Amino acid sequence: MKYKNIVLSGIVLVTCLVFFTAMPAFAADLTEAQVEEAVASQGKEAVTGNIFIWFLCAIAFLKVSQKIDSFMASLGINVGNTGGNMMAELLIAGRGLTGAFHGYRGGGGYRRASSPGSAAVGGSFLSGGLAGAVGRQVQREAVNAATHYSEGASVGNMLYQSSLKKGGDFANNVISNIAHGNYGQVGSIKGEDAAKAYASYMGIDASAPDAATYSNMEIGGGRMTGVENSNGASREFALYSAEQYAAPTHGSFETVQSVDGAAWYKQYAQDTVEKTPYDAGNGKVAYNESIVQKLPPAPQRKDKM
């Protein structure tokens, strides 16, 4: 009887996995035009009903996974935790699907960037299946929270803050989307949150005894700027995305990489002669000269060349 239960549980698990993983493969081939055609021919309510069926299948998969985890744990096998509260799972998945479906506005346009998250995180409706739709919505919520577009609690914000503390991939993906995003649509990360985001995105161990600290940070629009404080000295610096900017032609620079492999041109403030005019008398103007540190002019954007 014991072995029979194991075999039955295994069959159920394999069936659920095949069914669940088949949905993203099916949806990956779905184009925007096909979705628009489906909405036009079947109506928004019918398409929403199809999504609701996917949603129920996902919840069923989670519940079956929980049962199998419990059974395997009773056999002494270490398993992951797939969740516990059915209502919480419904709310999280439902909120993600609602936000994803609201991205479609009809009228010939598939999705408009109504928030920084929508502008930063692309992807067509249902691309990647149910998991893809919910995942993109969570990332959009995280971008909205990181840019302070939204201040309320959200699943995306909670995941972002938790991942940021550990320098996790989820937080770094969100930071990358903002760092490379359109400044006018996506905005930027500023203040203390930006300092933490910069350290995480550049792979800097902020807990090291001799680690530099950062202030007056801003990340967005293909640039990262701020002040680096190290060994009692402070220097302004700027990083420019090599994908979006040409190499600097003024002053020295170095090429560095962020954790996602993107290349950045990094420049520090450099000694510059500053002239301050004053009245020397007899209608003449003279200048006081001093050496100050200033950032070189920003390099040219590639889309402006």
Side-chain angles (χ1 to χ4, degrees), residues 116 120 146-148 164 167 172 174-305:
T147 56
H148 294 285
L164 184 61
N172 288 330
V174 171
I175 297 165
S176 177
N177 285 331
I178 298 172
H180 293 94
N182 183 305
Y183 189 87
Q185 296 180 6
V186 180
S188 63
I189 311 175
K190 298 179 181 179
E192 184 179 349
D193 289 343
K196 297 177 183 177
Y198 175 75
S200 176
Y201 185 52
M202 298 305 296
I204 299 171
D205 183 5
S207 63
D210 56 346
T213 59
Y214 302 92
S215 58
N216 198 30
M217 289 289 309
E218 183 173 11
I219 301 173
R223 302 201 307 176
M224 296 187 284
T225 60
V227 176
E228 181 179 290
N229 310 293
S230 179
N231 299 322
S234 299
R235 288 192 298 174
E236 280 189 279
F237 69 95
L239 285 84
Y240 305 95
S241 168
E243 181 182 344
Q244 297 167 267
Y245 283 85
T249 55
H250 299 281
S252 59
F253 70 93
E254 61 178 325
T255 303
V256 298
Q257 281 192 333
S258 48
V259 295
D260 59 355
W264 296 80
Y265 301 124
K266 185 175 184 179
Q267 287 190 301
Y268 285 100
Q270 300 172 24
D271 289 341
T272 305
V273 176
E274 185 176 69
K275 296 182 178 181
T276 305
Y278 67 93
D279 186 357
N282 298 323
K284 296 183 178 181
V285 176
Y287 296 88
N288 286 322
E289 295 184 349
S290 59
I291 296 178
V292 297
Q293 285 200 332
K294 285 186 176 181
L295 280 171
Q300 190 174 8
R301 287 188 61 94
K302 292 183 177 180
D303 58 359
K304 302 295 184 181
M305 297 176 68

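The analysis underlying the following values was restricted to heavy atoms, covering all of them including side chains, and did not include hydrogens, waters or symmetry mates. In this text the structure is predicted, and so the values were computed from the model without any measurement.
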What pair of heavy atoms forms the shortest contact from [X] to [Y], and how long is it?
X	Y	result
A194	I219	O-CD1, 3.6 Å
G251	P296	CA-CG, 4.4 Å
P299	A246	CB-O, 3.3 Å
E243	K302	O-CD, 3.5 Å
I189	A146	CG2-O, 3.8 Å
V259	S200	CG1-O, 3.8 Å

To the nearest 0.5 angstrom, please state how far the [atom1] atom of [X] sits from the [atom2] atom of [Y].
X	Y	atom1	atom2	value
L239	F253	CG	CZ	12.0 Å
M224	I178	CE	CD1	12.0 Å
R235	L295	CZ	CG	10.5 Å
E228	K266	CD	NZ	5.0 Å
T249	Q300	OG1	CD	8.5 Å

For atom [atom1] of [X], is the number of surrounding heavy atoms from other residues, nucleotides or ligands below 6.0 Å larger than 12?
X	atom1	value
E254	CD	yes
K190	NZ	no
K294	NZ	no
D303	CG	yes

### Task
Check the angle between the aromatic planes of Y198 and Y214 and answer parallel, tilted or perpendicular using the 30° and 60° thresholds.
perpendicular

### Message
Once you measure the plane-to-plane angle for W264 and H180, does it fall in the parallel (<30°), tilted (30-60°) or perpendicular (>60°) bin?
### Response
tilted

### Message
Check whether Y245 forms a cation-pi arrangement with R301 (NZ or CZ under 6.0 Å from the six-membered ring centre, at most 45° off the ring normal).
### Response
yes

Is there a donor-acceptor contact under 3.5 Å from the side chain of [X] to the main chain of [Y]?
X	Y	value
Q267	H250	yes
D260	A262	yes
T276	E274	no

### Task
State, with a plain yes or no, whether a side-chain heavy atom of L164 is found less than 4.5 Å away from one of D193.
no

### Task
Answer yes or no: is there a side-chain heavy-atom contact under 4.5 Å between T255 and Y265?
yes

### Query
Any luck finding a side-chain donor-acceptor pair between Q293 and Y268 under 3.5 Å?
no

